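These notes concern the structure reproduced below.
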Amino acid sequence: MSEQAMWYVVHTYSGYENKVATNLEKMVENRKLQDWIQEIRVPTETVVEIRDSKKHEVERKIFPGYVLVKMVMTDDSWYVVRNTRGCTGFVGPNGKPVPLTEAEVAALGVEKREIEVNYSVGDTVSIIDGPLSGFTGIVEEIDLDKKMVRAMLSMFGRETPVEFELDQVERLD
């Protein structure tokens, strides 16, 4: 059943994003619709603001007025989401729900995708993506938190450290 679940964007009244998400979660729980409506997210980012010469970490909504819902689209699930207090409808032509594409989901960073790292510091790797595709280098550092790897490449007769995303390099055998 989860193969059919897609991410949809729901439009809400501005400032009601968290309330809509909470109301929708309660409705899903009460009506036992966990198989149909699987995840509800309000995309936020942590921003450092400087007020009165002090730094404050503030959580800010990335898309004010919108909530992301991973659901299997049926008449019942549509009805539950559409009739949640504070929800004005789905994003799409004439209010018809249009699911996000895989590329859009990846760009929004909604779903965490695990990257399997089969190389370690000191290994020789090949660059498989990006402008330096085809180059080879030696891994100097792997930062799993930032999902980055630093490799030493030989460019123009010089050793140059370059940072890549974890999935842009692969180990050479």
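Just so you know, these numbers come straight off a predicted model, no measurement behind them.
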Donor-acceptor pair, side chain of [X] and main chain of [Y], under 3.5 angstrom:
X      : Y      : result
Ser77  : Trp36  : no
Ser154 : Gly157 : no
Asn83  : Tyr79  : yes

Residues 84-95, side-chain donor-acceptor partners within the protein, below 3.5 Å, at least two apart:
{"unit_1": "Thr84", "atom_1": "OG1", "unit_2": "Val80", "atom_2": "O", "d": "2.8"}
{"unit_1": "Thr84", "atom_1": "OG1", "unit_2": "Val81", "atom_2": "O", "d": "3.2"}
{"unit_1": "Thr88", "atom_1": "OG1", "unit_2": "His11", "atom_2": "O", "d": "3.1"}
{"unit_1": "Thr88", "atom_1": "OG1", "unit_2": "His11", "atom_2": "ND1", "d": "2.7"}

Atom CD of Glu29 with >12 non-hydrogen neighbours under 6.0 angstrom: no

More than 12 heavy atoms of other groups within 6.0 Å of Asp75 CG: no

Closest heavy-atom pair and its distance - Val42, Ala21: CG2-CB, 3.9 Å

Nearest heavy atoms of Pro161 and Met152, plus distance in Å: N-SD, 3.4 Å

Ion pair present between [X] and [Y], side-chain N to carboxylate O less than 4.0 angstrom?
X      : Y      : result
Glu163 : Arg150 : yes
Arg60  : Glu49  : yes
Glu57  : Lys55  : no

Nearest 0.5 Å, please: how far is [atom2] in [Y] from [atom1] in [X]?
X      : Y      : atom1 : atom2 : result
Ser120 : Arg171 : OG    : CZ    : 7.5 Å
Asn23  : Tyr16  : CG    : OH    : 11.0 Å
Ile37  : Arg31  : CD1   : CZ    : 9.0 Å
Thr74  : Gln4   : OG1   : CD    : 10.0 Å
Glu17  : Thr44  : CD    : OG1   : 11.0 Å
Gln34  : Met71  : CD    : CE    : 13.5 Å

Criterion side-chain contact (heavy atoms from CB on, under 4.5 Å) on Met6 and Val69, from CA distance to verdict: CA-CA 8 Å; Met6 305 280 284; Val69 181; over 6 Å; no

[X] side chain near [Y] side chain, heavy-atom distance below 4.5 Å:
X      : Y      : value
Trp7   : Pro99  : no
Ile128 : Phe135 : no
Phe164 : Ile127 : yes
Tyr8   : Met73  : yes
Pro43  : Lys61  : no
Tyr119 : Val149 : yes
Leu166 : Leu144 : yes
Val162 : Leu132 : yes

Verdict with reasoning, Ile40 to Val10, per side-chain contact (heavy atoms from CB on, under 4.5 Å): CA-CA 10 Å; Ile40 300 152; Val10 177; over 6 Å; no

Pair Asp123-Ile138, side-chain contact (heavy atoms from CB on, under 4.5 Å): steps then yes or no: CA-CA 6 Å; Asp123 286 351; Ile138 297 171; over 6 Å; no

Leu24, Asn18, Val67 screened by side chain to side chain contact (heavy atoms under 4.5 Å, CB included) with Thr12, the one that passes: Val67

CA sep, side-chain torsions, deciding dist, call: Asp35, Val72, side-chain contact (heavy atoms from CB on, under 4.5 Å): CA-CA 8 Å; Asp35 290 343; Val72 177; over 6 Å; no

Salt bridge (Lys or Arg N to Asp or Glu O under 4.0 Å) evaluation trace for Arg41 with Glu39: CA-CA 7 Å; Arg41 294 239 182 106; Glu39 246 180 286; 2.6 Å; yes

Leu68 with Ile62, same ILVMFWY side-chain cluster at under 4.5 Å: yes

